[in-house]
Amino acid sequence: MIGRPTAIALIAAGVVLTATAMVLPWYSTAYAGGVEVVVRAWGTEILNKPGDWPAGELSPWYGVPVVVTAALLVAGVWISRAALAGAAGQLGAVGVIAALVMSERGHAVEQQGDFAVGFGLVFLAAGTLVALAGAVAVQREAT
Amino acid sequence: MRKVVGVVLFGLAAAAAVAATFLPFSELLISLAPGQPQTTYVTTGWSTRFGGTRDEHGPLFAIPIVVAAAAVLAGVRWRKAAFAGAAALAGVTGMLFVYLLNAISFHKEGNIAIDPALEAGFGNGIWVLISAVVLAFGAVVVHPDD
């Protein structure tokens with residue numbers, strides 16, 4: 001059983017890890033000719049984009065739902081329920097990212113690309129799990 | 001009485017979330033050549049299909065949805081699990097919505113030169129999923145503390 005200060009520290013650490021994930025690459029795929037697609041929280045960057053690259057950009061702002069869950073985690077310092085909502089919501093959001101990563105990895109292998117998970121995704125996963133541990137501990141302390 | 005209503009709402013929320021995975025989240029209707037019938041590009045929780053061709057590596061959005069729905073259903077016994085499940089379902093829905101919003105825009109921009117009459121938009125699945133989130137939080141509010 002961990003005390004409330006430790007639980008709050010875990011939530012804070014989760015928020016810091018999540019915030020760091022917002023500025024680091026999440027995953028990337030390198031193709032022949034030096035073309036590289038880098039996915040971040042705030043859009044997709046295409047390095048050495050060839051002239052015949054398809055129009056339109058598949059560049060979602062994955063950071064938007066994560067910012068909402070991180071804000072709930074911060075509110076969780078004062079409202080324990082908000083911490084649980086933030087951590088669980090972030091876990092759900094990361095589940096969608098995990099589905100996309102598996103899909104992108106499959107496509108990359110099929111097209112002989114070189115797929116790599118970035119530090120952003122590692123920080124996001126770690127931040128989510130640490131925050132969840134803190135949120136659950138805060139709930140137990142509250143009961 | 002509140003407990004019965006809560007249990008019914010938990011069941012409806014979980015059922016709606018699972019049902020949503022089988023419905024289209026996004027749809028693109030496009031004619032690949034003038035005069036040809038439209039081909040449908042559909043993304044569901046379990047597959048991505050272009051006409052009769054299935055994308056072998058399509059994202060399986062259904063997995064996090066089903067896991068969150070199971071947590072919501074656990075709320076019949078443990079109320080806090082339901083709250084966490086409803087929040088997880090909201091997180092899945094929020095991230096999926098962000099992805100689909102951009103994918104639909106990408107479908108339009110990337111293919112408008114091929115077929116100016118193309119149609120791209122959200123499918124019924126996303127609306128059913130959003131309804132499931134509302135039902136799940138409703139169930140948490142209604143279900144009494146044990």
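None of the values given here were measured: they were computed from a predicted structure. Each chain gets a letter, A, B and so on, in the order its sequence line appears, and its residues count up from 1.
The ring-ring contact (aromatic ring centres under 6.0 Å, His included) search around B:Phe83 returns none, not counting sequence neighbours. Judged as a side-chain hydrogen bond (donor to acceptor under 3.5 Å, both in side chains), and not counting sequence neighbours, the contacts of A:Thr18 are A:Gln90.
The backbone N or O of A:Gly34 lies less than 3.5 Å from a partner atom in the side chain of A:Asn48, making a donor-acceptor pair. Here the side chain of B:Ser31 pairs a donor or acceptor atom with the backbone of B:Ala33 at under 3.5 angstrom. In terms of modelled atom types and a separation under 3.5 Å, the side chain of B:Thr93 and the main chain of B:Leu89 share a donor-acceptor contact.
Not less than 6.0 angstrom separates the ring centroid of B:Tyr99 from the ring centroid of B:Phe25.
Under the 4.5 Å side-chain criterion, counting only non-hydrogen atoms from C-beta, B:Met95 is not in contact with A:Leu100. Inter-residue side-chain proximity for A:Val130 and A:Leu17 is flagged as met; some heavy-atom pair is nearer than 4.5 Å.
Paired with A:Thr128 under the rule side-chain contact (heavy atoms from CB on, under 4.5 Å), one option of A:Ile97, A:Val66, A:Leu91 passes, and it is A:Leu91.
With chain A as the partner, the residue from B:Gly91, B:Gly94, B:Ala84, B:Ala103 showing the most heavy-atom pairs under 4.5 Å is B:Gly91.
Residues of residues 104-125 of chain A lying under 4.5 angstrom from chain B, judged on non-hydrogen atoms, are A:Gly106, A:His107, A:Glu110 by number. Residues of residues 47-71 of chain B lying within less than 4.5 angstrom of chain A, judged on heavy atoms, are B:Asp55, B:His57, B:Gly58, B:Pro59, B:Leu60, B:Phe61, B:Pro64 in numerical order.
B:Ala82 approaches B:Phe10 most closely through the heavy-atom pair CB-CE2, 3.3 Å.
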